[in-house]
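Here the structure comes first, spelled out in structure tokens, and everything after it is commentary.
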Amino acid sequence: MRRSTLIFLALLALSTAAVTVMAGGGLISTSFVKTLGMTLCLCLAAVAMDLVWGYAGILSLGHMAFFALGGYMIGMWLMWARTEAIVVQALSGQPLPPTAEEIRQGIGGQIFGVVGTSDIPWIWSFAHSLPLQLLLVVLVPGLLAAVFGWLAFRSRVTGVYLSILTQAMTLALALYLFQNDSGLRGNNGLSGLQNLPGVSAPQEVTALWLFWASALALAGGYLLAAWVVGGKFGSVIRAIRDDEQRVRFLGYPVEGFKLFVFTLTAVIAAIAGALYYPQAGIINPAEMMPIASIYLAVWVAIGGRGRLYGAVIGAAVVSLLSSWFTGGRAPSIPLGFYTIDWVDWWQVLLGLAFVLVTLLAPKGIGGLFR
Amino acid sequence: MSALLEVRGVSVSFDGFRAINNLSFAIDRAELRAVIGPNGAGKTTFMDIVTGKTRPDAGDVIFGDPPRSLLRMTEAQIARAGVGRKFQRPTVFEDQSVFANLMMALNAPRNPFAVLRFRPTSRHRDQVQDLAEEVGLAPHLTRVAGELSHGQKQWLEIGMLLAQDPLLLLVDEPAAGMTLAEREHTTTLLRRLATTRAVVVVEHDMEFVRRLDCRVTVLHEGSVLAEGSLDHVTADPQVIDVYLGRG
Ligand SMILES: Nc1ncnc2c1ncn2[C@@H]1O[C@H](COP(=O)(O)OP(=O)(O)O)[C@@H](O)[C@H]1O
Ligand SMILES: [Mg+2]
């Protein structure tokens, strides 16, 4: 194993332990634990982005679509199971025990009332089952990525055209989900996801569980990515990034490699999303708008692409700073004639940082080490 | 025994311009062949067609034993069938070590899942070591290819071709940018290689071609103008016309 991988895992374990201790001692709030857990999920998505862009050279600007799809898939079960418990509770006062059909109707009315129906869309067929819905977390984004990638790579769409195509994909998906009859509650999205069904532990405890799960997922994803890029496979995808035609003349099926990396990273992003949204509590189609995926690319660029720890640093630093600046905690700067309000000016600062890193440190923050 | 490579009546046009015009010729299994011709004669395009980079408008390209048409195969399939190519300017992966470059080229299963599971054994390492020695890069195995001199990059690329162990080797202007000593080394190597496989060398430099001492095909405007020994073709009035006419 490479030294940087070991150092990364050690640091991750240390910070996880530190957060756990501080949360137990009441030094950090539950909502901050959630913020940190979500940050770990974003770091995992950034590792996936680094794999597909930094190593294989495929600038996907649609990977947050897979992230959000993963969130939707787990969200469906969370919402269903919790609503079911509420409905059963409400009907328990009646003289006769409720039939399965009555419970279904109750759930349908509760979940889909906001979009003016109580019919349960067919895509919710598996929502009652956690194992099936967990399978969908992997299968739905994985299949979408495989089909999209197969079509795009087979036609040898590369470079900026591929980036535009991935943007179109995530935009189309978002616009579709914004519709009320998409089956996923339109712009309302799914909510109440922070309540884990069947768990009576309070939020400060479940927040830690999800934080640990996120840390574990990041460690696993990082190890997997390090293994993938560590051997000859890593050599080949970096070669594809630098000169794919040359790689073809070496006899490697370039399209197959791209498709593999694209699909694998989509699944990693989906798993990250499935852990993120229970901590965020809510998901809606705006999460899939192209800007989210552009941010992901910006984090990786700032952190340093082609280095897994660079991606993690970029995602952690930028997303934590972002929530600090936009959370109203950063003090405004009065200039007399004008007051710099960070909620608005953070974007400008981020844009500036991006330009500066691109110009002055093209290898990103991660490139400053070694 | 049939030829290893047979090009039959191949034509290709770029925006109405015929770069290759009804080109036909054949290469034997263990043959060294030089292809010469003025700039724009279609030499590189011919290599593009054989390696699958460019699809011809007409004709057929037959290769191997049993003979198969290359026209339905992808670049990667053609490479795996045994066609190796050395580019005009050295193309190695500058970001990676000499070792990684050679290891990538080494004959081994090429599909993503096999590559993912691949871990080099001591046999693979020995093979890479031998190749590096053969092309004079043994002391540089751990260096990043981008740091090598122009000549060393040419050698690395030749080493990668040897690692692929192709049946047919297409070499585009190998002497460009090489010192006299390197050229001599290159001709020796190419001639030795041609004892076990077919080697086609595209070259401008007549001195280099003379040293190769092999059959020569002269291309002009996308077709064969003359073929035979170097003395034979250089005595051909048409060939003289083409070279002098272009000045
Ligand atoms: N992709 C292409 N598009 C347009 N014209 C091309 C292309 N490739 C080659 N040509 C033209 O075809 C002719 C033959 O080119 P080439 O095979 O490179 O010649 P050579 O290698 O013999 O110097 C040239 O006139 C060149 O301009
Ligand atoms: Mg040429």
Side-chain angles (χ1 to χ4, degrees), chain A residues 1-2 51-52 54-58 145-146 149-150 153-156 158 223-265 267 304-307 362-363 367 370, chain B residues 47-48 50-54 73-87 89-121 124 128 144-146 157 160-161 163-166 169-170 172:
Chain A
M1 203 187 302
R2 288 177 60 125
L51 202 52
V52 74
Y55 285 87
I58 305 165
W150 186 72
F153 299 139
R154 193 186 58 130
S155 328
R156 302 227 172 146
T158 55
L223 271 175
L224 176 68
W227 178 72
V228 165
V229 302
K232 187 156 106 171
F233 191 94
S235 239
V236 174
I237 59 176
R238 284 161 64 204
I240 289 172
R241 172 193 69 193
D242 295 340
D243 188 345
E244 66 175 61
Q245 193 60 26
R246 181 73 181 88
V247 179
R248 289 195 183 99
F249 289 137
L250 281 179
Y252 289 97
V254 167
E255 285 66 39
F257 279 82
K258 287 185 172 181
L259 186 57
F260 180 87
V261 173
F262 192 76
T263 308
L264 173 70
T265 54
V267 169
R305 67 199 137 103
R307 282 190 176 81
K363 290 186 171 163
R370 103 174 50 188
Chain B
M47 290 199 173
D48 287 345
V50 175
T51 53
K53 188 180 175 194
T54 299
M73 294 160 68
T74 64
E75 295 99 312
Q77 286 169 333
I78 292 173
R80 291 201 296 275
V83 179
R85 178 173 188 181
K86 158 97 184 61
F87 288 82
R89 67 185 165 81
T91 43
V92 298
F93 300 106
E94 310 229 335
D95 208 34
Q96 305 194 36
S97 68
V98 170
F99 180 87
N101 271 278
L102 289 170
M103 190 56 92
M104 238 188 295
L106 209 61
N107 245 338
R110 296 299 209 222
N111 77 73
F113 297 98
V115 173
L116 201 55
R117 283 194 308 270
F118 177 90
R119 287 295 178 268
T121 63
H124 293 120
V128 168
V144 173
E157 196 178 357
M160 289 166 74
L161 278 175
Q164 275 179 268
D165 196 21
L169 199 51
L170 302 171
D172 204 350

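Basis for what follows: all heavy atoms, side chains included, without hydrogens, waters or symmetry-related copies. Keep in mind that what you see is a predicted model, and the values were worked out from it rather than measured.
A cation-pi arrangement, defined by a distance under 6.0 Å to the six-membered ring centre and an angle within 45 degrees of its axis, is absent between A:R238 and A:Y55.
In this structure, A:V247 and A:F257 have side chains that are not in contact, with every pair of non-hydrogen atoms separated by 4.5 Å or more.
The minimum heavy-atom distance linking B:Q164 with B:V83 is given by the pair NE2-O, 4.5 Å.
Chain A forms more heavy-atom pairs under 4.5 Å with one residue of B:M160, B:R117, B:K53, B:E94 than with any other, namely B:K53. Note on B:A76, B:A79, B:A100: by heavy-atom pairs under 4.5 Å with chain A, the leading option is B:A76.
Residue contact with chain B, scored on non-hydrogen atoms closer than 4.5 Å, involves the side chain of A:D242 exclusively. For A:F260, the part lying under 4.5 angstrom from a heavy atom of chain B is the side chain only. For A:Q245, the part lying under 4.5 angstrom from a heavy atom of chain B is the side chain only. Contact of A:V261 with chain B is not made at all, since no heavy-atom distance falls under 4.5 Å.
Checked by atom type and distance alone, the side chain of B:R85 never pairs as donor or acceptor with a backbone atom of B:L170 at under 3.5 Å.
Between A:E255 and A:R248 there is a salt bridge, with a side-chain nitrogen of the basic residue lying less than 4.0 Å from a carboxylate oxygen of the acidic one.
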